[in-house]
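Beneath this line is the structure, given in structure tokens, with notes to follow.
Since this is a predicted model, take the numbers as computed values, not measurements. Convention: sequence-line order gives letters A, B, ...; per-chain numbering from 1.
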Amino acid sequence: MSKFQAPKGVSEYFPERSRHFEFVRETLIQSARVSGYELMELPVFEDTELFARGVGESTDVVSKEMYTFEDRGGRSITLRPEGTAGVMRSVIEHNLDRGQLPVKVWYSGQFFRAERPQAGRYRQFYQVGIEAIGLNDPEIDAEVIAVAVMAFEKLGLKDYHTEITSLGDAVTRERYTKDLREYISTLALDESTIARAELNPLRLFDDKRDEIRSMMEKAPVLMDYLTPESAAHFEEVKSTLDQFGITYQVNNRMVRGLDYYTGTAFEFVHHKLGAQSGIGGGGRYDGLMRQLGGSDLSGIGFGLGVDRILLACEAEGIEVPQENSLALFIVPMGESVKGFAVLKAHQLRAHGISVDVAYGDRALKGGMKAADKSGARFALVLGDDEIASGKGELKNMQTGDSVSVTLRTLHEELLKLI
RNA sequence: GUGGUCGUAGCUCAGCUGGUAGAGCAUCCGGUUGUGGUCCGGAAUGUCGCGGGUUCGAGCCCCGUCGAUCACCCCA
């Protein structure tokens, strides 16, 4: 047996890159926080039935990509392939839908889909998502989209675009799908494509082949089937986005992978990520809560792919600001002062000052090199002299200047400097 | 899930038509007594993804396998 390796298709983040990952995730979350969303911390596995009913049996996600297993009590458990169903379950279970509306929450964590991996498509991946439940003001739709766009702007992403559409209500969709199927039945298609259309006729809009594309050009468009109310709602969403200065493209042949979407739907597509170009998406879901046994409330939310957004930042050459750099790096001179240095570091940390120490038996030069690499703002050499005098030279690593400090009150002097 | 490409030191890669491995960066040490970033010198490091096979001999050829990756598919 050779060495262990990570399971197929999982992404891992470790220094230095983990800092970039963390920065991306925090930026996404921060955008939700400033818009009034609060944390929802949920399990990564749920009753299999929740996804089957919530996401839809006919979707690829449910029918062939779920990690499903039986627990020791014989229950069928599934690793969450998406976030919305779990949020709905929890909202219903804890009666949040009976309180003040809308319920606005964000979540962040791992999701699981057993697909064939490639860059940007992982079997365990990270999403940050938000949900606004209980009201169907078009302004909330615009807010949700804006939360994502604001985060992208904060990150400095430029090479992407936003697509929006309206999928209408259930009745509309039924009428439309019927006509679309009829249209498709007139086309000369191969077997596998017919099977695909059978499952979800909208899929053909997404086909990459030119001949299919041109065949679908004259297909009926859902937008033409919208009820006056749906159309008005969509107009209001668009005009609010316009007021926000958010640019978008209306894509009236957008296909979403989850069954529960109704009304407003949207996607964020990046241009430098190859085939896995969707960095996020979402939409409104009218019947979902009721479907899961809760009250008949509407909701809207998105899921953003943290892995892909990080990839997008890298593709655009975006520099991640150096966060959390150390305030102080202590270099002990020899064994005799090591204990003192470590204790001093411990005490300073208790004051909230970030400190690290040159561990190992490094010579002074090596210790200073370590101080440099650590990115600490100050370095302090501790030797027998310093312990004897109770004073030391605090070196500013950027300017190279030193100031004399009293070791006993070091925390006070440092707090003034940082 | 289908098809293609790739897999050599920590990282990025070189290795001509098969003769048992190299560079740059990173790491560590040093350039005379206690201060880093430049420069100079030196050192360490690989079961050439793994397992079979062909061959006198394989990193280079064949098969399998694992993983990554590209496209399809799907989607975050």
Side-chain angles (χ1 to χ4, degrees), chain A residues 1-11 14-17 24 28 55 59-65 80-84 108-129 148 192-193 195-196 199-200 203 206-209 212 254-258 267-270 273-282 302-312 329-334 337 358 360-376 378-386 392-402:
Chain A
M1 165 109 197
S2 54
K3 281 196 281 184
F4 286 115
Q5 55 186 133
K8 183 187 177 97
V10 304
S11 56
F14 42 86
E16 319 276 327
R17 198 160 175 253
V24 168
L28 301 177
V55 179
T59 62
D60 278 30
V61 169
V62 169
S63 64
K64 43 192 189 198
E65 295 172 1
R80 36 136 88 150
E82 60 93 54
T84 304
S108 164
Q110 293 92 328
F111 295 84
F112 307 85
R113 257 121 97 158
E115 295 182 90
R116 175 100 167 239
Q118 68 190 71
R121 182 163 80 180
Y122 306 109
R123 293 185 165 187
Q124 171 178 286
F125 57 98
Y126 294 82
Q127 268 186 216
V128 167
S192 72
T193 311
R196 221 145 62 81
L199 218 58
N200 181 354
R203 289 273 171 78
D206 249 9
D207 203 296
K208 304 270 196 309
R209 290 167 296 184
I212 307 284
M254 185 193 297
V255 188
R256 298 254 68 216
L258 314 179
E267 273 177 13
F268 307 104
V269 182
H270 198 267
L273 294 184
Q276 307 306 319
S277 57
I279 54 177
F302 65 55
L304 303 179
V306 185
D307 311 86
R308 287 186 186 177
I309 294 170
L310 173 59
L311 253 19
F329 196 90
I330 299 177
V331 180
M333 295 280 297
V337 291
D361 298 313
R362 315 182 75 129
L364 178 63
K365 179 164 174 166
M368 285 307 292
K369 270 195 167 179
D372 187 40
K373 299 264 165 56
S374 77
F378 295 94
L380 177 68
V381 175
L382 289 181
D384 294 327
D385 297 353
E386 283 77 11
E393 293 290 310
L394 192 63
K395 179 166 183 173
N396 182 322
M397 295 300 278
Q398 233 137 58
T399 63
D401 301 334
S402 301

Exercise for the section: Under 4.0 Å between any heavy atoms, over every strand shown, what does A:Ala275 touch: base, sugar-phosphate, or nothing? Just pick one. Expected result: base
Handout entry: Touch class at under 4.0 angstrom, heavy-atom based, for A:Lys373 against every strand present
Key = sugar-phosphate
Practice task
Could you tell me whether A:Arg113 and A:Glu82 have a side-chain N and a carboxylate O separated by less than 4.0 Å?
Solution key: no
Problem - Side-chain heavy atoms of A:Arg121 within contact of A:Arg308, under 4.5 Å - result: yes
Practice task
Just call it for A:Asp207: base, sugar-phosphate, or nothing, with non-hydrogen atoms closer than 4.0 Å on any strand.
Solution key: sugar-phosphate
Exercise for the section: Answer with base, sugar-phosphate or nothing: what part of the nucleic acid does A:Arg209 contact at a heavy-atom distance below 4.0 Å? Expected result: nothing
Exercise for the section: Would you classify A:Asp385 as touching base, sugar-phosphate or nothing, given that sugar-phosphate means primed atoms plus P, OP1 and OP2, and contacts are heavy atoms under 4.0 Å? Expected result: base
Problem - Separation of atom CG in A:Leu273 from atom C1' in B:U69, rounded to whole Å - result: 14 Å
Exercise for the section: Considering only atom P, compute the distance from B:G4 to B:C75 and round it to an integer number of Å. Expected result: 25 Å
Handout entry: 5'-most by nearest nucleotide on RNA chain B - A:Gln127 or A:Val10
Key = A:Val10
Practice task
Report the residue (A:Gly9 or A:Ser402) whose heavy-atom-nearest nucleotide on RNA chain B is the more 5′ of the two.
Solution key: A:Ser402
Practice task
Select base, sugar-phosphate, or nothing to describe what A:Gln398 touches, counting heavy atoms under 4.0 Å on all strands.
Solution key: base
Practice task
Determine the interatomic distance between C1' on B:A9 and the same-named atom on B:A21; round to the nearest Å.
Solution key: 10 Å
Handout entry: Short side-chain N/O contact to B:C28 OP1/OP2 from A:Arg362, under 4.0 Å
Key = yes
Completion exercise
Rounded to whole Å, CE of A:Met397 lies from P of B:G37 at a distance of 9 Å
Practice task
Would you kindly give the CG-to-P distance between A:Leu311 and B:A68, to the nearest whole Å?
Solution key: 14 Å
With 3.5 Å as the limit, what N/O pairs link the protein to nucleotides 3-8 of chain B?
{"residue": "B:G3", "atom": "O6", "partner": "A:Arg116", "partner atom": "NH2", "Å": "3.0"}

Problem - Check: A:Glu267 side chain, B:A76 base, donor-acceptor under 3.5 Å - result: no
Fill in the blank from the handout: On a heavy-atom basis, the closest approach of A:Glu393 and A:Ser402 is OE1-CB, 3.4 Å
Exercise for the section: Considering only atom P, compute the distance from B:A71 to B:C25 and round it to an integer number of Å. Expected result: 34 Å
Practice task
Please name the residue in the list A:Leu310, A:Val306, A:Leu304 that meets the side-chain contact (heavy atoms from CB on, under 4.5 Å) test with A:Tyr126.
Solution key: A:Val306
Exercise for the section: Would you mind classifying the nucleic acid contact of A:Gln124 as base, sugar-phosphate or nothing, using non-hydrogen atoms under 4.0 angstrom? Expected result: nothing
Handout entry: Rounded C1' spacing from B:C50 to B:A14 in Å
Key = 24 Å
Practice task
Return the set of residues passing side-chain hydrogen bond (donor to acceptor under 3.5 Å, both in side chains) with A:Thr193 (not counting sequence neighbours), or none when no residue passes.
Solution key: A:Asp190, A:Arg209
Practice task
Just call it for A:Gly120: base, sugar-phosphate, or nothing, with non-hydrogen atoms closer than 4.0 Å on any strand.
Solution key: base
Exercise for the section: Take A:Asp207 and A:Arg196 through the test side-chain contact (heavy atoms from CB on, under 4.5 Å) and record every step on the way to the result. Expected result: CA-CA 10 Å; A:Asp207 203 296; A:Arg196 221 145 62 81; 2.6 Å; yes
Completion exercise
Correct closest heavy-atom pair for A:Pro81 and A:Val61 would be CB-CG1, 3.6 Å
Practice task
Check whether the aromatic ring of A:Phe111 stacks on the base of B:A76, taking stacking as ring centres less than 5.5 Å apart and planes within 30° of each other.
Solution key: no
Exercise for the section: Between B:C56 and B:G18, how far apart are the C1' atoms? Round to whole Å, please. Expected result: 12 Å
Practice task
Flag the pair A:Asp384 / A:Met333 as yes when at least one side-chain heavy-atom distance between them is below 4.5 Å, and no otherwise.
Solution key: no
Completion exercise
Of the listed B:U35, B:A76, B:U69, the closest approach to the A:Leu364 side chain comes from B:U35
Practice task
Could you tell me whether the side chain of A:Arg121 has a donor or acceptor atom within less than 3.5 Å of a complementary atom in the base of B:C74?
Solution key: yes
Completion exercise
Nearest heavy-atom approach of A:Phe125 to A:Phe112 is CE2-N, 4.0 Å
Practice task
Nearest whole angstrom, please: distance from the C1' of B:C74 to the CZ of A:Phe125.
Solution key: 11 Å
Handout entry: Phosphate-side-chain proximity, A:Lys8 and B:G67, N/O vs OP1/OP2 below 4.0 Å
Key = yes
Exercise for the section: Could you give the distance separating B:U5 and B:C62 at their P atoms, to the nearest angstrom? Expected result: 11 Å
Handout entry: Distance between C1' atoms of B:G7 and B:G49 (Å, rounded)
Key = 6 Å
Practice task
Look at A:Gln276 and B:C74 and indicate whether a side-chain polar atom (N or O) is within less than 4.0 Å of OP1 or OP2.
Solution key: no
Exercise for the section: Using a 4.5 Å cut-off on heavy atoms from C-beta on, say whether the side chain of A:Phe268 contacts that of A:Ile309. Expected result: no
Problem - No-H, no-angle donor-acceptor pair, A:Asp372 side chain to B:G37 base, under 3.5 Å - result: no
Practice task
Describe the nucleic acid contact of A:Ile279 in one word from base, sugar-phosphate, nothing, applying a heavy-atom distance below 4.0 Å.
Solution key: sugar-phosphate
Fill in the blank from the handout: A:Arg113 CZ to B:A76 P, in whole Å, measures 5 Å
Fill in the blank from the handout: Symbol by symbol from the 5' end, with Watson-Crick or G-U pairs under 3.5 Å, [ ] crossing and | another strand, RNA chain B is (((((((..((((........)))).(((((.......))))).....(((((.......))))))))))))....
Exercise for the section: Please state whether the phosphate of B:C73, meaning OP1 or OP2, lies under 4.0 angstrom from any side-chain nitrogen or oxygen of A:Lys208. Expected result: yes
Problem - Beyond-backbone contact of A:Val381 with A:Met368, side-chain heavy atoms, under 4.5 angstrom - result: yes
Handout entry: Donor-acceptor pair present, A:Lys369 side chain and B:G37 base, under 3.5 Å
Key = no
Practice task
Could you work out which one of B:C74, B:G36, B:A76 sits closest to the side chain of A:Arg256?
Solution key: B:A76
Exercise for the section: Starting from P on B:C66, measure out to CZ on A:Arg123 and report it in whole angstrom. Expected result: 11 Å
Handout entry: Distance, P atom - from B:U12 to B:U47, rounded to whole angstrom
Key = 16 Å
Handout entry: Sub-4.5 Å side-chain heavy-atom contact between A:Val128 and A:Val24
Key = no
Practice task
Give A:Glu65 one of three labels, base, sugar-phosphate or nothing, depending on what nucleic acid heavy atoms sit under 4.0 Å from its own.
Solution key: sugar-phosphate
Exercise for the section: Would you mind reporting whether A:Gln276 and A:Asp307 have side-chain heavy atoms less than 4.5 Å apart? Expected result: no
Problem - Whole angstrom value for the distance that separates P of B:A76 from CD of A:Glu115 - result: 9 Å
Handout entry: Length of the CG-P vector between A:Asn396 and B:G36, whole Å
Key = 15 Å
